[in-house]
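Heavy atoms only: backbone and side chains are in, while hydrogens, waters and symmetry mates are out. This structure is a prediction, so every number in the text was calculated from the model and none was measured.
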Amino acid sequence: SSRIQYVEAYIQKHQSGPYNVKARKLLDRLAPELKAAILAEKADQRKRQVLARQQAARDRRDQERRRAQKLREQVSMQLDDVARRYTDNGDGTVTDRVTGLTWCLLDSYLELGRCISYRTAKAYVQQLNAGNHADWRLPTAGELAGIYKSSPYFPGSGADWYWTSESFARGYHRVVDVVTSVPETVFTRISKNEDNCGNVRAVR
């Protein structure tokens, strides 16, 4: 491309010079070389962009794994206080000795860092694979009440309330029974619109 630039500069500077015709013929011969060089540069640029995106994706996954591992360790430490009831299985799951149910160690609030609608909550449990299990589901209101409204209480995660599997029509809307994470022995049924932003404590 530097040769082409030199020839173009020569033609511009010596438009009526004795070598102008030869310079133009040379430029015509060099044009395919320029085109090939441009195409090669664009291909190389695309390759660099793809590699950069792949590396960025790997970095995000590694960062997310480290974050999740740190959260699991924190929740595991909190479970030490209620170990007489809850068994940390060491694979991202917790077993309730009283009910025999297995819960995810991390809820969706800790996993995703945000709240989710009921529709997203259902999709969340369907794709969940914790402890090498893929049969996770939304709990019933009674199952959630069993760990948050019965001592010893399951450790809180910062989530205010959780979606249950109990959805029904109310007028023109569909609502879902939810359970708060407040550790208390009084359980009051609460329902929220499916479009609200809540959290999931998956069970199996």
Main-chain N/O of [Y] paired with [X] side-chain donor or acceptor, under 3.5 Å:
| X | Y | answer |
| --- | --- | --- |
| R204 | A134 | no |
| R189 | D177 | no |
| N193 | N196 | no |

Residue pair [X] / [Y], side-chain heavy-atom distance below 4.5 Å:
| X | Y | result |
| --- | --- | --- |
| T95 | T102 | yes |
| W163 | V178 | yes |
| S157 | V75 | no |
| R61 | R65 | yes |
| Y153 | T185 | yes |
| K149 | T180 | yes |
| W103 | L144 | yes |
| E143 | T99 | no |

About how many Å separate [atom2] of [Y] and [atom1] of [X], when rounded to the nearest 0.5 Å?
| X | Y | atom1 | atom2 | answer |
| --- | --- | --- | --- | --- |
| H173 | D195 | NE2 | CG | 9.0 Å |
| R72 | D91 | CZ | CG | 9.5 Å |
| C197 | R114 | SG | CZ | 8.0 Å |
| E111 | E64 | CD | CD | 7.0 Å |
| D44 | L39 | CG | CG | 12.5 Å |

Treating Ile, Leu, Val, Met, Phe, Trp and Tyr as nodes and any side-chain heavy-atom pair under 4.5 angstrom as an edge, say whether [X] and [Y] lie in one connected cluster.
| X | Y | result |
| --- | --- | --- |
| V179 | V200 | no |
| I190 | Y118 | yes |
| F187 | V176 | no |
| L110 | L79 | yes |
| V82 | V98 | no |

Closest non-hydrogen atom pair between [X] and [Y], with its separation:
| X | Y | value |
| --- | --- | --- |
| R84 | P152 | NH2-CB, 3.7 Å |
| I116 | A121 | CD1-CA, 3.6 Å |
| W161 | G198 | CH2-CA, 3.4 Å |
| R137 | T140 | NH1-N, 4.3 Å |
| L105 | S76 | CD2-OG, 3.8 Å |
| A68 | L106 | O-CD1, 3.9 Å |

Exercise for review: Begin from the C-alpha positions of R46 and Q49 and carry the test side-chain hydrogen bond (donor to acceptor under 3.5 Å, both in side chains) through to its verdict.
Suggested key: CA-CA 5 Å; R46 286 193 296 269; Q49 291 172 343; over 6 Å; no
Point to revise | More than 12 heavy atoms from other groups under 6.0 Å of CD on Q63 | key: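 Open.
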Check your understanding: Counting only heavy atoms not in D59, do more than 12 fall under 6.0 Å of its CG?
Key ->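 Counting neighbours around CG of D59, more than 12 heavy atoms of other residues, nucleotides or ligands fall under 6.0 Å, so yes.
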Exercise for review: Output, in order, the C-alpha distance, side-chain angles, deciding distance and verdict of side chain to side chain contact (heavy atoms under 4.5 Å, CB included) for N199 and C115.
Suggested key: CA-CA 5 Å; N199 309 281; C115 59; 3.9 Å; yes
Exercise for review: Evaluate the side chain to side chain contact (heavy atoms under 4.5 Å, CB included) criterion for residues S167 and K122: first the C-alpha distance (whole Å), next the side-chain angles of each, then the deciding distance (0.1 Å), finally the verdict.
Suggested key: CA-CA 11 Å; S167 171; K122 290 191 292 185; over 6 Å; no
Check your understanding: In the hydrophobic cluster built from side-chain contacts under 4.5 Å, what are the other members alongside V175?
Key ->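 F168, all in the cluster of V175.
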Review point. Could you go step by step and tell me if F154 and D96 meet the side chain to side chain contact (heavy atoms under 4.5 Å, CB included) rule?
Key: CA-CA 9 Å; F154 198 89; D96 183 349; over 6 Å; no
Check your understanding: Going through the checks in order, is the salt bridge (charged side-chain N to carboxylate O under 4.0 Å, His left out) test met by E73 and K70?
Key -> CA-CA 5 Å; E73 291 171 357; K70 184 177 180 180; over 6 Å; no
Check your understanding: Is R48 salt-bridged to E41, cutoff N-O under 4.0 Å?
Key -> yes
Practice item. Please list, chain by chain and in numerical order, all residues satisfying ring-ring contact (aromatic ring centres under 6.0 Å, His included) with Y148, sequence neighbours excluded. Key: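 Y148 satisfies ring-ring contact (aromatic ring centres under 6.0 Å, His included) with Y162 only.
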